[in-house]
Every structure is written in C-alpha cells, then in structure tokens.
Amino acid sequence: MHNTEHKRYFSQELLDWYEINKRDLPWRRHRDPYYIWVSEIMLQQTRVDTVIPYFHRFIERFPTIQSLADAPEDDVLKCWEGLGYYSRARNLQAAARQVTEQYDGVMPSGKDEVSGLKGIGPYTSGAIRSIAFNIPAAAVDGNVMRVLSRYFLIEEDIMKVKTRTKMEELVLTLVPDGRASDFTQALMELGALICTPKSPKCLVCPVMEHCSARLEGKEESLPIKTKAKPPRPEYRLTAIVEGTGVHEGKILIRKRPAAGLLAGMWELPHVIVPADGGSVPAAMPEETAMVGLRDALLEEGIPVQPIGHVMDAEHTFSHIQWNMGVYRCKWQDVPPAALQAAESAAAYETGEENFRWIHVQDMERYAFPNVFIRILKVYFSS
DNA sequence: CAATCGTGGTT
DNA sequence: TAACCAAGATT
C-alpha cells in the first residue's frame, strides 16, 4: 500500500521543508549531547515555550553533567520548580551520576547504555542518539505518531505500546542515510507546526500530496487515541501555621516523601478529608473545618490552633483534583502531658526531620509545587 | 495494560 | 468553559 516511492518522497520533502522552516531553539544551537538530553527531558509532556526559560536557567546553573551530578538534589528540584513531573528532575540527576560513575562523565551513545540511564525511555533514547549522535534511531513521540498515523493512515490507538513500536520500525525505514539528526527533528517539527492535533495546515504541508489521511478526508479524525479518565476529586484542609516565641513571624513547611506525588518537594501541612457525603471544604462550616484540621494535625504531631479561613484553592493534577480550604493557624505550645500524644512536636521545634520554620524571603531556598506558591503568595501579600 | 506523575496553553 | 492537549517514563 505504501511503496518505497512514497516513503522516499516523504523523507526528502520533509528534510527540505525542515531546512527552511526549522525554529531557532536554544538546544538546536549546540550538538552537545548533554544539552540535547536536558531539553528532551524537559520537553516531555511540556510545551516548547514553557521549557525555554527553564532550559536557560538549568544549563547556566548546571553547565555540565559533572556539575549536575555534584549538586544537592534540592538545588535541582528548585531549578525545576513549576515545570511539573518532578521525577524527571530527580531521575535526570540520578542519571548524571550514572554517567559520571560508569562512563567517566561522558554521555554514551550505545542503545543499551543510553536506555539504561534513569528517566530515559524509548523515545528519549532515540531522540538523544539520533539528534546528538546522528545515529539512525527512532524517536517516536506524540508528534511523530500523529504525523505517521495520518500520512500512512494508521488507524490504531496511539496510547498502546504496540502502536508505538510499530511506528518505530516504520521510522527506521524512513531515515535517509546520514541524516538521522535532521530527520528526527524534522518529523517532530512538522507535527508541531503543520500537522497539528486540530486544524492541521494541510495546504502548506510539504507532504500533503501523498498523505493518505488527507486523501481520504480523515486528517481531523486521526490519530485514534483513547480518552483520559477525568481526575478524581480530593478534599484537603491546609494549614498556614504561624510560629510563636523564637519562631515568631515564620510559618511551618514540610518536605514531602521521596516517592510518589510531588516527591521531595516542600509544602504547607495539610490533611485529606475523607470524601463521604460530599463534604467539600468550601461548603463545610468553617468551625467544623477548623476543628477537623486541628485534630488531624495533632494526630500527625503538629499541635496548632486554627484561627480563621484564608482562602479556598483548587489545583488539578493529571489524575487528581485538589479542593483545598486554607486556614491560618497558631502554633500551640503543648504542655508536657499532651506532648506524649504529639510525640514528634519537639522535632519541629528543633527544626529536625523534614520540617522548617521559614520567613517569606526563605521561599526562594525551597522548591514548592505551584499550588502552594499560589497560596503563599496570597497569604504573604495580605 | 493501565495507572501514576504537573502545569499551563488552546479551543 | 470544560475538554483537550504538550518533544513520556515508570511501575
């Protein structure tokens, strides 16, 4: 159905188009595998315009693989703050340490070596090897699957691994000799600029003439993709704990666990409210919320007295929607008897474990998820 | 395979 | 405005 003639046409026209239309992007100004690597990790599920300022800051702060490997993890997370999917940052640094230890600090180019690095999957492996080393490897991302599913009329669910591996094989038959780097980027560039998800610009597409989807009027209905499940709602009560005594003028923050959602990031103390009977914090009487918050935090060894409602906040992750009621609280100095129940309260006072008392200006030293930055901004500006 | 893991822009 | 989307990896 698709002869080598149409394939050759596709590859050649695509390369010619790319040469003229490629964007001037920061990571395209070098062939340094480290730059390509960092950009590819940042670009996962993230728009180019969002990545650009992060890329500049990251390369300035961590100019080499060695400097990244040597840095404290908190510094790396701070540099990633606001970009999302924070495991990318943690894995990137872990991989930098792998390269330092296993490959003398030099980025490898072999398939098994690259794929063996943390955070580098099939796509990123192909992207680094083709773009940085000009090796004929397939880098099949969302853009590429969209372009290929349309040009070759592949009516299979692109969410399935099998579809991606099939397209990887297809790509390998398309890469012109010695042009792997440009071809990979051209394929993605076409998906980003011309063969867009909605309203593809077929009239200015360099390969429109032999695009099967276009010829059959199916360009708008491809690729086929299963719908994502809507995020499940969660209800959380959040505390802005104001310090007393030596901690006067400060608030309490804590560091999240090393795994899971927002791993390793800092946050305001908060508790989940069991969602029975639709008890949305916004709808919950403030008195009820404050009593619940006080009791729940004391269970976790954080003795506070809620004072009043600050704001409601909503934050949507890929799979969870947080509905938050935020309350100003006063740290409660607990009498010795009660201290036993709140066993770890003393730990916060000494600043041990994963808790800190901070001033507003200390925020720049800790990496916070976006939702807490928004809340703290409102709090500190009022 | 399907769920987990952020955020902001576009339609 | 709600839904969809953006250069995916890990478990």
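All values below were derived from every heavy atom in this structure, side-chain atoms included, with hydrogens, water molecules and symmetry-related copies excluded. Numbered from 1 within each chain, the chains take letters A, B, ... in sequence-line order.
Comparing A:Gly84 and A:Lys229 along DNA chain B, the residue whose closest nucleotide (by nearest heavy atom) sits nearer the 5' end is A:Lys229. The residue among A:Leu117 and A:Ala228 whose nearest nucleotide of DNA chain C is located toward the 5' end is A:Ala228. Mapping A:Leu25 and A:Ile120 onto DNA chain C by nearest heavy atom places A:Leu25 closer to the 5' end of the strand. Between A:Val161 and A:Val371, the one whose closest nucleotide on DNA chain B sits nearer the 5' end is A:Val161.
The pair A:Asp74-A:Lys255 counts as a salt bridge, with a side-chain nitrogen and a carboxylate oxygen less than 4.0 angstrom apart. The residues A:Lys78 and A:Glu81 are annotated as salt-bridged, a charged nitrogen and a carboxylate oxygen being separated by less than 4.0 angstrom. Ion pairing of A:Lys22 with A:Glu189 is absent here, as no side-chain N (NZ or NE/NH1/NH2) approaches a carboxylate O to less than 4.0 Å. One finds no salt bridge joining A:Lys162 and A:Asp157 here, because no Lys/Arg side-chain nitrogen approaches an Asp/Glu carboxylate oxygen to under 4.0 Å. Checked for salt-bridge contact, A:Glu60 and A:Arg57 miss the test: no charged N lies under 4.0 Å from a carboxylate O. Look at A:Glu219 and A:Arg150 and you find no salt bridge, because none of the NZ, NE, NH1 or NH2 atoms lies under 4.0 Å from a carboxylate O.
Here, B:dG6 and C:dA3 have their P atoms 22 Å apart, quoted to the whole Å. Spacing between B:dC5 and C:dC5 at atom P, rounded to whole Å, works out to 22 Å.
At least one side-chain nitrogen or oxygen of A:Tyr86 sits closer than 4.0 Å to the OP1 or OP2 atom of B:dT7. Neither OP1 nor OP2 of C:dA9 sits under 4.0 Å from any side-chain N or O of A:Asn91. Taking only side-chain nitrogens and oxygens, A:His319 comes nearer than 4.0 Å to OP1 or OP2 of B:dC5. Proximity of A:His315 to the phosphate of B:dT7: a side-chain N or O atom is located under 4.0 Å from OP1 or OP2.
As judged by a 4.0 angstrom heavy-atom cut-off over every strand, A:Ile158 is placed among residues making no nucleic acid contact. Residue-level contact check: A:Pro230 touches neither bases nor backbone, having no heavy atom under 4.0 Å from any strand. Residue contacts for A:Trp27: at a heavy-atom cut-off of 4.0 Å it reaches a base atom on one of the strands shown. Across all strands, A:Gly260 comes closer than 4.0 Å only to sugar-phosphate atoms, never to a base (heavy-atom distances). If you check every strand for non-hydrogen atoms under 4.0 Å, A:Ser199 touches nothing. In this structure, A:Arg374 reaches neither bases nor backbone, as no heavy-atom distance under 4.0 Å exists between it and the strands shown. When heavy atoms are screened at a 4.0 angstrom cut-off, A:Arg90 is found touching no nucleic acid atom at all.
In this entry the distance linking NZ of A:Lys198 with P of C:dC4 reads 8 Å, nearest Å. Taking atom NZ on A:Lys118 and atom C1' on C:dA9, their separation rounds to 12 Å, with Å as the unit. As a whole-Å value, the separation of A:Leu77 CG from B:dG6 P is 11 Å. Atoms CD (A:Glu267) and P (B:dC5) sit 14 Å apart, rounded to a whole Å. Atom CD of A:Gln321 and atom C1' of C:dT1 are 14 Å apart (whole Å). One can place CZ of A:Arg256 at 15 Å from P of B:dT4, the figure rounded to the nearest angstrom. One atom, CD of A:Glu81, and another, C1' of B:dG8, lie 15 Å apart when rounded to the nearest Å. Taking atom NZ on A:Lys227 and atom P on C:dA3, their separation rounds to 10 Å, with Å as the unit.
Contacts with DNA chain B (heavy atom under 4.0 Å) in residues 39-59 of chain A: A:Gln45, A:Thr46, A:Arg47, listed by number.
At a cut-off of 3.5 Å, with distance as the only test, a side-chain donor of A:Tyr379 or A:Glu242 sits close to an acceptor on the other residue.
Its side chain within the 4.5 Å cluster rule, A:Met208 clusters with A:Leu203 among the Ile, Leu, Val, Met, Phe, Trp and Tyr residues.
Listed candidates were B:dG6, C:dA9, B:dC1. Nearest to the side chain of A:Lys160 is B:dC1.
For A:Glu287, the CD atom is loosely surrounded, since the number of other residues' heavy atoms within 6.0 Å does not exceed 12.
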